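Source: prediction; values computed, not measured. We use all heavy atoms of the structure for the numbers below, so side chains are in, but hydrogens, waters and symmetry mates are not.
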Amino acid sequence: MWDFLLRIEQSGFSIWIRESSSVFAFPSVLLLHTIGMGVVVGINAGIDLRILGIAPALPLAPMERFLPVLWVGFWVNAATGLVLLLVDATTKLTNPDFYVKMVFIALAVINLHLLKKHVFRDPLIDKAPASVSAMILAVTSIVFWLGAITAGRLLAYIGPVTGIGQ
């Protein structure tokens, strides 16, 4: 497995992304990753804050129309995240922080599915204040996305576990 990761890191594509001075290499991948994250977390936060009572005059039901845009941002993040992983696979995949980030993302996606199922399918969605369970889903959503962002940012500063694959 370790040799496979090394081969990926040493592929022409990975070297170009990692070492090129072109704006279309690492800077563009990172920019697209940041934009995707902004779309995902921004839409999620807007929905979560509305559930928590911010802007109560704004109906919640129509906000469901933003979910396809959220998923576009998510898949942009997944694709660019994969590229960022491939250019430094041996370091990232030996870093516990990477797995913390992945757990937070998985929890946030599960939370989003629960929110869609239990909040947007509620016939009283805009006729009554949000339920306690909806508010819990909104708070946990915010916590999970903040956890994923924080863990992702810390990947630049927290090193891998030494001795793996050597």
Side-chain angles (χ1 to χ4, degrees), residues 1 5 8 17 26-89 91-161 164:
M1 180 65 161
L5 295 175
I8 290 172
I17 292 290
F26 189 80
S28 290
V29 173
L30 199 56
L31 175 65
L32 288 171
H33 197 68
T34 304
I35 290 169
M37 181 181 5
V39 169
V40 170
V41 177
I43 291 171
N44 235 295
I47 292 169
D48 295 336
L49 292 172
R50 172 56 192 85
I51 290 169
L52 293 172
I54 306 295
L58 184 67
L60 183 59
M63 294 178 91
E64 185 176 12
R65 286 184 271 176
F66 289 106
L67 293 180
V69 178
L70 180 149
W71 284 110
V72 168
F74 178 85
W75 289 111
V76 166
N77 252 27
T80 56
L82 180 61
V83 171
L84 293 170
L85 175 64
L86 293 178
V87 300
D88 196 19
T91 300
K92 297 292 186 265
L93 291 174
T94 57
N95 189 335
D97 185 50
F98 172 77
Y99 298 100
V100 169
K101 176 183 176 177
M102 292 299 107
V103 167
F104 274 123
I105 292 169
L107 290 171
V109 168
I110 291 166
N111 198 82
L112 178 61
H113 283 292
L114 291 171
L115 191 132
K116 184 174 180 180
K117 180 179 176 184
H118 296 291
V119 175
F120 285 111
R121 298 297 167 254
D122 183 352
L124 301 175
I125 188 169
D126 286 319
K127 295 176 179 53
S131 67
V132 172
S133 62
M135 290 181 160
I136 290 169
L137 286 171
V139 168
T140 54
S141 174
I142 292 168
V143 169
F144 294 153
W145 284 117
L146 286 176
I149 291 168
T150 302
R153 193 62 211 119
L154 288 175
L155 274 172
Y157 304 104
I158 297 175
V161 175
I164 294 178

With sequence neighbours excluded, residues passing ring pair (Phe, Tyr, Trp, His ring centres under 6.0 Å) with F74: W71

Tell me the closest heavy-atom pair linking I51 and L60, and the distance in Å. CG1-CD2, 3.6 Å

Check step by step if side-chain contact (heavy atoms from CB on, under 4.5 Å) holds for L84 and D88. CA-CA 7 Å; L84 293 170; D88 196 19; over 6 Å; no

F66, CZ atom: more than 12 neighbouring heavy atoms under 6.0 Å: no

V40 and G73 have their tightest heavy-atom pair at CG2-C, 3.4 Å

Any chance you could measure N44, atom CG, to L67, atom CG, to the nearest 0.5 Å? 8.0 Å

Distance check, rounded to the nearest 0.5 Å: D97 atom CG versus L155 atom CG? 4.5 Å

Candidate pair I43 and V69, rule side-chain contact (heavy atoms from CB on, under 4.5 Å), full reasoning: CA-CA 8 Å; I43 291 171; V69 178; 3.8 Å; yes

To the nearest 0.5 Å, what is the distance between CH2 (W145) and CG (D48)? 10.5 Å

Show the nearest heavy-atom pair for residues N77 and T80, with the distance to one decimal. O-OG1, 3.3 Å

Gap separating the CE atom of M63 from the CG atom of D126, nearest 0.5 angstrom: 10.0 Å

What side-chain donor-acceptor pairs closer than 3.5 Å can you find for residues 98-117, not counting sequence neighbours?
from: Y99; atom 1: OH; to: L93; atom 2: O; distance (Å): 2.8
from: N111; atom 1: OD1; to: T140; atom 2: OG1; distance (Å): 2.7
from: N111; atom 1: ND2; to: L137; atom 2: O; distance (Å): 2.8

Quick one: pull up CG in D122 and OG in S131 and give me the separation to the nearest 0.5 Å. 6.5 Å

Over all heavy atoms of both residues, which pair between L52 and A138 is shortest? Give the atoms and the distance, please. CG-CB, 3.8 Å

Least distance between heavy atoms, L70 atom then V39 atom: CA-CG1, 4.3 Å

R121, CZ: over 12 other non-hydrogen atoms inside 6.0 angstrom: yes

CG of L49 to CD1 of I142, rounded to nearest 0.5 Å, is 4.5 Å

